[in-house]
Amino acid sequence: MSLDVRESVALAPLTTLGVGGPARYFAEAADEAAVIDAFRFAEARGVPLFVLGGGSNLLVADRGVDALVLRVRVRGIELLRGRGVAGGAETGGGEEAGRALVRAGAGEAWDDLVARSVAEGWAGIECLSGIPGDVGATPIQNVGAYGQEVAETIVEVRAIDRATGAAVVLSGADCGFGYRDSRFKRAWRGRYVITAVTFALRPGGAATVRYPELQRALAVPAGVAAPLLGEVRRTVIALRRGKSMVLDPADENRRSAGSFFMNPTLAPDAAAAVLTRIEAAGVLAPGEAIPRYPADGGRVKLSAAWLIERAGFTKGTRHGAAGISTRHTLALVNRGGATAEELLGLARRVRRGVLDRFGVALSAEPDLVGFAPGEIADLVSAAHL
């Protein structure tokens with residue numbers, strides 16, 4: 001067996017929150033053979049297998065995880081020239097014509113891939129700069145920020161099917177991408193372990209500048225050519241740094257999982273009722289508009305950060321050793337020595353405050369691991385009303 005399995009390995013140092021108990025078993029897989037060995041190990045001992053990425057979108061229970069926790073370390077970034085992708089498309093024709101097909105191992109650091117793409121002049125993921133974590137996690141969450149999502153560029157996902165132990169290639173079109181969502185979180189949950197992802201990027205393409213905050217930061221007048229990819233990357237990282245959303249050892253808000261709540265997306269009738277309730281609550285400044293954006297299927301996306309602030313929660317709010325970031329209301333942070341229970345307690349305070357004030361149920365964005373389903377049902381229930 002090519003797998004080196006250890007017992008009672010601390011998980012807190014492997015997460016950006018720095019919280020949680022140990023893994024009963026822990027291993028790293030540098031190739032697909034080791035992933036298959038992990039399946040066999042877990043099955044032989046009757047324990048679940050949990051895949052750990054970069055640990056940036058994760059809250060581990062204080063008691064730890066009674067499972068084999070597997071860190072997928074498959075590496076490599078490869079430019080594919082004229083090779084087929086899932087669904088039969090080729091770089092020489094069809095939708096991927098003129099695109100750079102870039103395959104990255106699941107264990108590659110996501111921001112390293114973005115930096116490489118920007119340096120090479122491959123457009124398509126520049127607005128996703130500065131996001132911590134590994135490439136293999138991006139299709140699961142459909143990672144997105146500043147007007148881009150990986151769903152726009154993923155053409156295939158290579159994975160090992162736990163049921164058969166065989167390698168499979170899944171087309172991006174089959175992944176069922178939605179807002180911070182995919183089939184990997186729903187119908188395919190627990191079925192596949194991702195080992196590589198292929199992106200169709202645009203050599204020499206223009207940067208994507210459609211998010212209002214990014215447009216303002218770049219100060220790009222209408223009708224002027226789009227800024228260079230490098231300028232967009234630098235600006236996005238600066239915006240994220242201003243919200244403590246990049247990993248910086250000197251930042252007091254550094255121990256976080258990024259945004260803890262997803263922006264709620266509501267059906268039109270539900271959104272209208274919520275907007276009326278907000279207007280009646282007396283929380284709007286004179287002339288202030290309620291932030292809202294169009295979402296898929298005619299739905300309406302609201303700003304979770306805005307709702308949290310208008311429900312009375314301020315930056316820097318504390319709950320034991322847990323707190324709300326001093327820079328960004330969506331981020332819950334470990335102030336030093338926080339427990340998972342303290343973070344969940346703060347999350348519930350925030351969620352209840354928004355629900356009571358505006359009738360909107362927020363859902364947690366990070367994976368909550370090691371908890372019994374009944375312990376977290378209120379936080380992982382769908383925000384779609």
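Fair warning: this is a prediction, and the values are worked out from it, not measured in the lab.
- At most 12 heavy atoms of other shown residues, nucleotides or ligands fall within 6.0 angstrom of atom CG in Asp296.
- Closest approach of Val150 and Thr138 over heavy atoms only: CG2-O, 3.4 Å.
- Minimum interatomic distance between Asn57 and Ala257 (heavy atoms only, all atoms of both residues): OD1-O, 3.9 Å.
- We find that Glu126 and Arg233 are not joined by a salt bridge, their nearest charged nitrogen and carboxylate oxygen being 4.0 Å or further apart.
- Looking at heavy atoms from C-beta onward, Tyr146 lies in side-chain contact with Arg240 at the 4.5 angstrom threshold.
- Between Val155 and Ser171 there is no side-chain heavy-atom pair separated by less than 4.5 Å.
- Side chain of Tyr179 to backbone of Asn263: a donor-acceptor contact under 3.5 angstrom is found.
- When all heavy atoms of Leu247 and Pro132 are compared, the closest pair comes out as CD1-CB, 3.8 Å.
- Within the model, atoms CG of Leu355 and CG of Leu307 stand 11.0 Å from one another, a figure rounded to the nearest 0.5 Å.
- Taken from OG1 in Thr314 to CD1 in Ile308, the straight-line distance is 11.5 Å, to the nearest 0.5 Å.
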* Asked: Can you list the steps and then say if Ile140 with Lys185 is a side chain to side chain contact (heavy atoms under 4.5 Å, CB included)?
  -> CA-CA 6 Å; Ile140 298 171; Lys185 294 180 71 173; 3.7 Å; yes
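- Side-chain contact between Arg162 and Ile36 is absent, with no heavy atoms from C-beta onward closer than 4.5 Å.
- The backbone N or O of Trp122 sits nowhere less than 3.5 Å from a side-chain atom of Arg202 that would complete a donor-acceptor pair.
- Here the side chain of Arg277 pairs a donor or acceptor atom with the backbone of Arg357 at under 3.5 angstrom.
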* For Val193 and Phe39, run side chain to side chain contact (heavy atoms under 4.5 Å, CB included): C-alpha distance rounded to whole Å, both residues' side-chain angles, the deciding distance at 0.1 Å, then the answer. => CA-CA 10 Å; Val193 174; Phe39 294 161; 3.6 Å; yes
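- Annotation: Phe199 is in aromatic contact with Trp110 [ring centroid separation under 6.0 Å].
- At most 12 non-hydrogen atoms from other residues, nucleotides or ligands lie less than 6.0 angstrom from CZ of Arg352.
- The salt bridge (charged side-chain N to carboxylate O under 4.0 Å, His left out) pairs that include a residue from residues 247-258 are Arg241-Asp248, Asp251-Arg327, where partners are two or more places apart or lie in different chains.
- In this structure, Asp31 contributes its side chain and Ala34 its backbone to a donor-acceptor pair below 3.5 Å.
- Interatomic distance, Phe261 CZ to Leu379 CG, rounded to the nearest 0.5 Å: 6.5 Å.
- Between Phe26 and Arg71 there is a side-chain heavy-atom pair separated by less than 4.5 Å.
- Other residues, nucleotides and ligands contribute only 12 or fewer heavy atoms inside 6.0 Å of the CZ atom of Arg189.
- Here the closest non-hydrogen pair linking Tyr192 and Ala159 is CB-CB, 3.8 Å.
- For the pair Arg186 and Phe184, the cation-pi test (distance below 6.0 Å, angle within 45°) is failed.
- Remark: side-chain polar atoms of Arg24 are not paired, donor with acceptor, to backbone N or O of Val9 under 3.5 angstrom.
- Atom CD of Glu213 sits in a crowded spot, with more than 12 heavy atoms from other residues, nucleotides or ligands closer than 6.0 Å.
- Taking 4.0 Å as the cut-off between side-chain N and carboxylate O, Glu288 and Arg310 count as a salt-bridged pair.
- Within the 3.5 Å criterion, the main-chain N or O of Gly124 finds a donor-acceptor partner in the side chain of Gln148.
- Under the 3.5 Å distance criterion, the side-chain polar atoms of Asp62 are left unmatched by any main-chain donor or acceptor of Gly20.
- Arg63 places a side-chain N or O within donor-acceptor distance of the main-chain N or O of Gly370, the cut-off being under 3.5 Å.
- Across Asn142 and Arg180, no two heavy atoms sit closer than the pair O-NH1, 3.8 Å.
- Other residues, nucleotides and ligands contribute only 12 or fewer heavy atoms inside 6.0 Å of the CG atom of Asp269.
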Quick one: side chains of residues 338-348, donor-acceptor pairs under 3.5 Å with protein atoms, not counting sequence neighbours, listed by atom name and distance.
unit_1: Thr339; atom_1: OG1; unit_2: Glu342; atom_2: N; d: 3.0
unit_1: Glu342; atom_1: OE1; unit_2: Thr339; atom_2: N; d: 3.0
unit_1: Glu342; atom_1: OE2; unit_2: Ala321; atom_2: N; d: 3.3
unit_1: Arg348; atom_1: NE; unit_2: Asp378; atom_2: OD2; d: 2.9
unit_1: Arg348; atom_1: NH2; unit_2: Glu375; atom_2: O; d: 2.3
unit_1: Arg348; atom_1: NH2; unit_2: Asp378; atom_2: OD1; d: 3.4

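- Side chains of Ser129 and Asp111: a donor-acceptor N/O pair is absent below 3.5 angstrom, by distance only.
- One finds the CG atom of Leu239 at 10.0 Å from the SG atom of Cys127 (value rounded to the nearest 0.5 Å).
- For the pair Pro294/Val300, no side-chain contact is recorded, criterion being any heavy-atom separation below 4.5 Å from C-beta on.
- No side-chain heavy atom of Leu70 sits under 4.5 Å from any side-chain heavy atom of Leu52.
- Between Arg191 and Asp161 a salt bridge is recorded (basic side-chain N to carboxylate O distance below 4.0 Å).
- When all heavy atoms of Leu128 and Val114 are compared, the closest pair comes out as O-CG2, 4.0 Å.
- How far OG of Ser363 is from CZ of Phe260: 11.0 Å, rounded to the nearest 0.5 Å.
- Taking CD of Glu120 as the reference point, atom CD1 of Ile77 lies at 9.5 Å (rounded to 0.5 Å).
- Judged by distance alone, the side chains of Glu365 and Ser259 never bring a donor and an acceptor atom under 3.5 Å apart.
- Within the 3.5 Å criterion, the main-chain N or O of Leu113 finds a donor-acceptor partner in the side chain of Ser117.
- Two residues are said to be in side-chain contact when any heavy atoms from C-beta on lie closer than 4.5 Å; Leu17 and Leu59 meet this criterion.
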* Going through the distances and angles, do Leu170 and Arg183 end up as a side chain to side chain contact (heavy atoms under 4.5 Å, CB included)? -> CA-CA 11 Å; Leu170 308 163; Arg183 286 201 175 103; over 6 Å; no
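- Remark: the backbone N or O of Ala106 is not paired with any side-chain donor or acceptor of Arg158 at under 3.5 angstrom.
- Between Val232 and Val209, the closest side-chain pair of non-hydrogen atoms falls below 4.5 Å.
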